[in-house]
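Remember, predicted model here, so these are calculated numbers, not experimental data. Here is the naming used below: chain letters follow the sequence lines, and residue numbers restart at 1 for every chain.
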Amino acid sequence: MKNSLMRFIAGRASTIVDNPTYSSWRFYCSPTSSSTRPPPNGKLFVAGLSWSVDEKSLKDAFSFFGQVSEVRIMYDKDTGRSRGFGFVHFSKEDEARCAKDAMDGKALLGRPLRISFALEKIRGAPVVVPRLPNGNA
DNA sequence: GATGAGCGT
């Protein structure tokens with residue numbers, strides 16, 4: 001909470017970093033934004049990350065919008081550097097909505113963030129080819 | 001020593 005990452009998100013909140021009063025944080029999150037239908041999973045796909053952003057920085061940044069349950073950044077297996085995108089899991093879908101609407105398009109560590117709702121990625125499950133029971137291949 | 005749209009073991 002006392003990380004300086006907040007300053008990259010909201011530049012005007014530089015004085016609130018060490019203050020417990022977050023009265024200046026107005027993210028205009030519509031509680032009932034029924035205009036769009038987000039996937040009710042609460043998972044966010046965060047791309048456009050800088051290559052020097054790690055998971056704890058992301059979680060620290062997104063924790064202001066809600067309770068982040070999981071943060072995953074994809075790193076390259078060869079170079080070990082981040083691939084520039086990751087995933088943020090929120091406890092509530094409204095918080096994910098809030099974080100997306102608030103952080104999408106804005107810059108984190110100098111690079112503009114591109115947030116969208118994550119897809120339903122099944123772990124380790126390759127795309128199963130639906131075999132029709134007709135047997136005609 | 002670089003790069004920059006994207007959907008994950």
Any donor-acceptor pair under 3.5 Å from A:Glu95 side chain to A:Gln67 backbone
yes

At 4.0 Å (heavy atoms only), tell me whether A:Ile115 reaches a base, stays on the sugar-phosphate, or touches nothing.
nothing

Base, sugar-phosphate, or nothing: which does A:Gly86 touch, judged by heavy atoms less than 4.0 Å apart?
nothing

Can you work out whether A:Trp51 or A:Glu70 has the more 5'-proximal nearest nucleotide on DNA chain B?
A:Trp51

Can you tell which of B:dA2, B:dC7, B:dT9 lies closest to the side chain of A:Leu119?
B:dC7

Can you check the A:Asp78 CG to B:dT9 P distance for me, whole Å?
12 Å

Rounded interatomic separation in angstrom, taking CZ from A:Phe87 and C1' from B:dT9
11 Å

Measure from NZ on A:Lys43 to P on B:dG6 and round the result to the nearest Å.
21 Å

To the nearest Å, how far apart are A:Asp76 CG and B:dC7 P?
16 Å

Could you check how far CD1 of A:Ile73 sits from P of B:dT9, rounded to whole Å?
13 Å

Given atom CG of A:Leu49 and atom P of B:dG6, what is their separation to the nearest angstrom?
15 Å

Of B:dG4, B:dC7, B:dG6, the nucleotide closest to the side chain of A:Arg111 is B:dG4

Contact check, side chains of A:Asp54 and A:Tyr75, non-hydrogen atoms, under 4.5 Å
yes

Does the structure show A:Phe85 stacking with B:dG4, if we require the centres to be closer than 5.5 Å and the planes to be within less than 30 degrees of parallel?
no

Please name all residues satisfying salt bridge (Lys or Arg N to Asp or Glu O under 4.0 Å) with A:Asp76, sequence neighbours left out, ordered by chain then number.
none

If each of A:Arg72 and A:Arg81 is mapped to the nucleotide of DNA chain B with the nearest heavy atom, which maps nearer the 5' terminus, i.e. the 5' end?
A:Arg81

Measure the distance from CG on A:Leu113 to P on B:dC7 and round it to the nearest whole Å.
16 Å

Regarding A:Ser57 and A:Asp60, do their side chains bring together a donor and an acceptor under 3.5 Å, going by distance alone?
no

Cluster partners of A:Phe87, using ILVMFWY side-chain heavy atoms under 4.5 angstrom, listed by chain and number?
A:Phe45, A:Met74, A:Phe85

Whole angstrom is fine here: how far is it from CG in A:Asp104 over to P in B:dG6?
13 Å

Name the closest nucleotide to the A:Arg114 side chain, picking from B:dG6, B:dT9, B:dG4.
B:dG6

